[in-house]
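Everything on this sheet refers to the single structure shown next.
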Protein chains: 2
Amino acid sequence: MVQLDTIDRAILLELQKESRLSYAEIGARVGLSAAAVHDRVKKLERKGVIEAYRIQVNPKAIGLQVTAFIAVRLQNDATCADVAPTFADFPEVEECHSAAGDIDVLLKARTATPEDLEKLLYRIKRVPGVSRTTSTVVLSTQFEARPLIPVEAE
Amino acid sequence: MVQLDTIDRAILLELQKESRLSYAEIGARVGLSAAAVHDRVKKLERKGVIEAYRIQVNPKAIGLQVTAFIAVRLQNDATCADVAPTFADFPEVEECHSAAGDIDVLLKARTATPEDLEKLLYRIKRVPGVSRTTSTVVLSTQFEARPLIPVEAE
DNA sequence: GTGTCTAGCTGAACCATATTCGGTATTGTA
DNA sequence: TACAATACCGAATATGGTTCAGCTAGACAC
């Protein structure tokens with residue numbers, strides 16, 4: 001874990017909300033010059049705290065109306081690492097986690113229509129190592145993509 | 001749903017991967033001038049396709065070691081919309097969806113430690129309207145935050 | 001105490017890029 | 001044909017990213 005002070009945490013919060021803020025603007029908010037903010041941000045990138053700069057796209061606006069969480073049970077001889085590369089070939093699958101409990105793998109997926117979700121499920125079930133899937137369809141999303149709050153140093 | 005042509009989709013893909021690309025660089029990749037790309041991007045922002053510019057932070061690097069999905073069952077007289085504002089008060093909760101099936105609400109949460117997750121679960125259980133929770137702890141994440149592929153126009 | 005090193009900051013200068021603008025080609029429509 | 005709307009281009013301008021030299025404070029050795 002990377003050591004972060006109060007100012008680093010404030011910068012990360014601001015950039016998670018709006019990464020296009022100018023360094024001068026961030027500096028005004030956290031009490032530093034633009035150059036100092038620049039320095040800190042570059043350091044955070046180098047240390048891997050900032051992984052990427054991205055846009056957040058509205059899924060519905062680009063035709064992805066359906067969101068679902070797909071719980072996958074694997075056969076005993078298969079691991080999440082075995083099947084993940086295959087799941088990565090399905091562009092509908094946005095996330096892939098190995099999980100503890102009743103479930104072995106948890107996927108988050110988005111499709112244009114319920115029919116497309118059905119087709120995706122069939123493809124997933126056919127992946128070698130997959131034993132069973134249980135899907136939870138999202139009816140509405142209250143919030144998503146909220147900023148992560150950095151943990152205070154101990 | 002917003003109508004997007006092939007170039008819009010290409011621009012959205014590039015920006016989801018790396019939103020700091022210059023308009024000139026994007027233009028070179030999609031076959032347009034910088035000014036034309038600028039035009040299209042502003043239009044995508046205005047139409048709500050691009051919701052925000054954000055940084056992607058490595059949760060582990062900022063001390064968030066634990067990720068969990070929390071399935072919430074509500075009492076019959078409660079709705080997801082009722083409880084969501086309270087969940088929004090918990091900064092550990094990153095996503096909140098209303099779901100169909102066995103479950104009423106699905107949360108994604110991140111905490112520093114398993115103990116913190118335990119405390120969060122207690123707080124969630126105490127929210128009025130919540131009947132039961134079932135948690136799935138993530139052991140490892142294969143991938144996350146993949147770009148959404150815009151649906152082709154019909 | 002003095003000297004030295006380092007980390008982190010500042011303001012200024014410079015340069016890349018975002019943004020604006022005027023003009024042109026294309027398409028659809030009356 | 002004329003007209004309007006759209007999407008594009010290159011050039012000019014404005015903004016902000018990036019670099020740099022120098023300053024300060026703190027840690028450390030002597």
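Atoms considered below: every heavy atom in the structure, side chains included; atoms not considered: hydrogens, waters and symmetry mates. Letters A, B, ... mirror the listed sequences (proteins, then strands); counts begin at 1.
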Search all heavy atoms of B/R9 against all heavy atoms of B/L4 and return the closest pair with its distance. NH1-O, 3.0 Å

d([atom1], [X]; [atom2], [N]) in whole Å:
X	N	atom1	atom2	answer
B/I26	D/dC8	CD1	P	14 Å
A/Q3	C/dG8	CD	C1'	17 Å
B/K43	D/dA5	NZ	P	14 Å
B/R40	D/dA7	CZ	P	7 Å
B/D5	C/dT26	CG	C1'	15 Å

Exactly one of A/E92, A/E95, A/E94 clears salt bridge (charged side-chain N to carboxylate O under 4.0 Å, His left out) with A/R110, and that residue is A/E94

Nearest 0.5 Å, please: how far is CD1 in B/I55 from CZ in A/R20? 14.5 Å

In Å, rounded to the nearest 0.5 Å, how long is the span from CZ of A/F90 to CG of A/L107? 9.5 Å

Each nucleotide in nucleotides 10-22 of chain C should get exactly one letter: B, S or -. Can you fill that in based on protein heavy atoms under 4.0 Å? BB-----SSSB--

State whether a side-chain donor-acceptor pair under 3.5 Å links A/Q16 with B/R54. no

Contacts under 3.5 angstrom, residues 126-141 of chain A side chains, donor-acceptor by atom type, not counting sequence neighbours:
from	atom 1	to	atom 2	distance (Å)
A/T133	OG1	A/K125	NZ	2.8
A/T141	OG1	B/H97	ND1	2.8

